[in-house]
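Take a look at the structure set out below.
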Amino acid sequence: MHITISGNIGVGKSSLTLMLSRYYNWKALFEDVDSNPYISDFYDDMKRWAFNIQIYFLTHKLPKIQKIQRESKKFFQDRSIYEDAFIFAANLNKINLLQERDFKTYMELFKIATENIAYPDLIIYLKSNIKKIKKHILKRGRDYEKYISDEYIHYLNMQYEKWISTQDKSKVITINIDNIDFVQNQQDFRDIVKKIDAYIK
């Protein structure tokens with residue numbers, strides 16, 4: 001059983017992945033953003049570093065996913081590798097920060113690299129408005145995220161809605177987090193667990 005926690009920057013994917021992995025006693029696979037050597041450069045100059053950062057995420061996520069899919073029957077994942085391609089790379093291309101030739105090259109490599117990777121059984125899609133996302137981003141205090149524009153977040157939200165609406169390879173549970181706090185409110189967390197239990201039991 002492979003369950004992915006998906007959603008825009010700052011919606012609480014890592015927190016929910018940790019909480020669910022502890023609750024169910026499953027393995028967890030986290031997106032290691034802070035160790036990415038391109039991340040600060042990317043947010044300083046997205047057009048210059050867009051291709052580099054996407055290639056880095058692909059080459060570093062792929063072996064981890066291959067390993068955990070081989071070794072574990074049950075795990076939660078913080079953002080799927082498919083979001084890198086169909087959300088982030090696609091968005092960078094759409095807003096002219098990733099050149100068409102680079103985007104095509106990346107997608108060709110992505111297709112080859114993921115041929116033997118299984119889609120998640122279940123996607124927990126956390127959605128939120130720009131105001132709450134920006135609040136979460138500022139609260140966690142990553143310097144390189146301070147100047148992420150509302151426009152960039154808006155376009156990512158649009159890409160997520162498009163991807164989720166056409167998702168036919170995984171079951172999807174959508175959770176709007178605008179008016180809940182699953183970290184601080186136990187009932188909100190239990191409500192999410194009930195939705196997952198209804199699928200896995």
How far apart are the closest heavy atoms of [X] and [Y], and which atoms are they?
| X | Y | value |
| --- | --- | --- |
| Tyr82 | Thr114 | OH-O, 4.5 Å |
| Ser72 | Lys74 | OG-O, 2.9 Å |
| Ile133 | Ser128 | CD1-O, 3.8 Å |
| Ser14 | Phe30 | O-CE2, 3.6 Å |

Can you check whether [X] reaches [Y] side chain to side chain, under 4.5 Å on heavy atoms?
| X | Y | answer |
| --- | --- | --- |
| Leu29 | Asp78 | no |
| Gln54 | Leu92 | yes |
| Arg22 | Asn25 | no |
| Phe182 | Ile175 | no |
| Asn129 | Asn157 | no |
| Gln159 | Glu83 | no |
| Ile137 | Ile153 | yes |
| Ile3 | Leu20 | no |

Which residues satisfy the ring pair (Phe, Tyr, Trp, His ring centres under 6.0 Å) test with [X], sequence neighbours excluded?
| X | value |
| --- | --- |
| His2 | Phe75 |
| Tyr155 | none |
| Tyr152 | none |

Of all residues at least two apart in sequence or in a different chain, which pass the side-chain contact (heavy atoms from CB on, under 4.5 Å) check with [X]?
| X | result |
| --- | --- |
| Val183 | Ser15, Met19, Asp181 |
| Lys194 | Gln187, Asp191 |
| Tyr199 | Met1, Asp121, Leu122, Lys171 |
| Ser170 | Tyr119, Pro120, Ile123, Gln167 |

Approximate separation, where rounding is to 0.5 Å, of [X] [atom1] and [Y] [atom2]:
| X | Y | atom1 | atom2 | result |
| --- | --- | --- | --- | --- |
| Phe110 | Ile81 | CZ | CD1 | 5.5 Å |
| Ile148 | Leu138 | CD1 | CG | 9.5 Å |
| Leu156 | Ile87 | CG | CD1 | 8.0 Å |
| Ile124 | Ile196 | CD1 | CD1 | 4.5 Å |
| Asn8 | His136 | CG | NE2 | 12.0 Å |
| Asp188 | Asn179 | CG | CG | 9.5 Å |

Contacts under 3.5 angstrom, residues 41-52 side chains, donor-acceptor by atom type, not counting sequence neighbours:
| unit_1 | atom_1 | unit_2 | atom_2 | d |
| --- | --- | --- | --- | --- |
| Asp45 | OD1 | Arg48 | N | 3.3 |
| Arg48 | NH1 | Asn52 | OD1 | 3.4 |

Less than 6.0 Å separating the ring centroids of Tyr160 and Phe86?
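For Tyr160 and Phe86, the ring centres are not under 6.0 Å apart.
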Residue list, side chain to side chain donor-acceptor pair (under 3.5 Å) with Tyr125, at least two apart or on another chain
Glu161
Could you pull out all residues at least two apart from Asp150 that satisfy side chain to side chain donor-acceptor pair (under 3.5 Å)?
Lys134
Linked, directly or transitively: [X] and [Y] (ILVMFWY side chains, under 4.5 Å):
| X | Y | answer |
| --- | --- | --- |
| Phe88 | Met158 | yes |
| Ile164 | Leu126 | yes |
| Tyr23 | Ile192 | yes |

Do any N or O atoms from the side chain of [X] and from the backbone of [Y] form a donor-acceptor pair under 3.5 angstrom?
| X | Y | answer |
| --- | --- | --- |
| Thr4 | Ser6 | no |
| Lys132 | Ile177 | yes |
| Arg79 | Gly7 | yes |

Let's go through Asp197 and Tyr24 carefully: what are the C-alpha distance in whole Å and the side-chain angles of both, what is the deciding distance for side chain to side chain donor-acceptor pair (under 3.5 Å) to 0.1 Å, and is it a yes or a no?
CA-CA 10 Å; Asp197 283 346; Tyr24 286 97; 2.8 Å; yes
Assign the ring pair Trp26 / Phe76 to parallel, tilted or perpendicular, where the plane angle (0 to 90°) is split at 30° and 60°.
parallel
Apply side-chain contact (heavy atoms from CB on, under 4.5 Å) to the pair Phe189 and Asn185, showing each step before the final yes or no.
CA-CA 7 Å; Phe189 178 69; Asn185 188 314; over 6 Å; no
Which pairs would a plain distance check flag for residues 55-70, meaning a side-chain donor or acceptor within less than 3.5 Å of a matching protein atom at least two apart in sequence or in another chain?
| unit_1 | atom_1 | unit_2 | atom_2 | d |
| --- | --- | --- | --- | --- |
| Thr59 | OG1 | Ile55 | O | 3.0 |
| Thr59 | OG1 | Tyr56 | O | 3.1 |
| His60 | ND1 | Tyr56 | O | 3.1 |
| Lys61 | NZ | Glu31 | OE2 | 2.5 |
| Lys61 | NZ | Asp84 | OD1 | 3.0 |
| Lys61 | NZ | Asp84 | OD2 | 2.9 |
| Lys67 | NZ | Glu71 | OE1 | 3.0 |
| Lys67 | NZ | Glu71 | OE2 | 3.3 |
| Gln69 | OE1 | Ala118 | N | 3.4 |
| Gln69 | NE2 | Ala118 | O | 3.1 |

Arg190 atom CZ: more than 12 heavy-atom contacts under 6.0 Å:
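Counting other residues, nucleotides and ligands, CZ of Arg190 exceeds 12 neighbours.
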Listing, residues 101-108 side-chain donor-acceptor contacts under 3.5 Å, not counting sequence neighbours, or none:
| unit_1 | atom_1 | unit_2 | atom_2 | d |
| --- | --- | --- | --- | --- |
| Arg101 | NE | Gln99 | OE1 | 3.2 |
| Thr105 | OG1 | Arg101 | O | 2.9 |

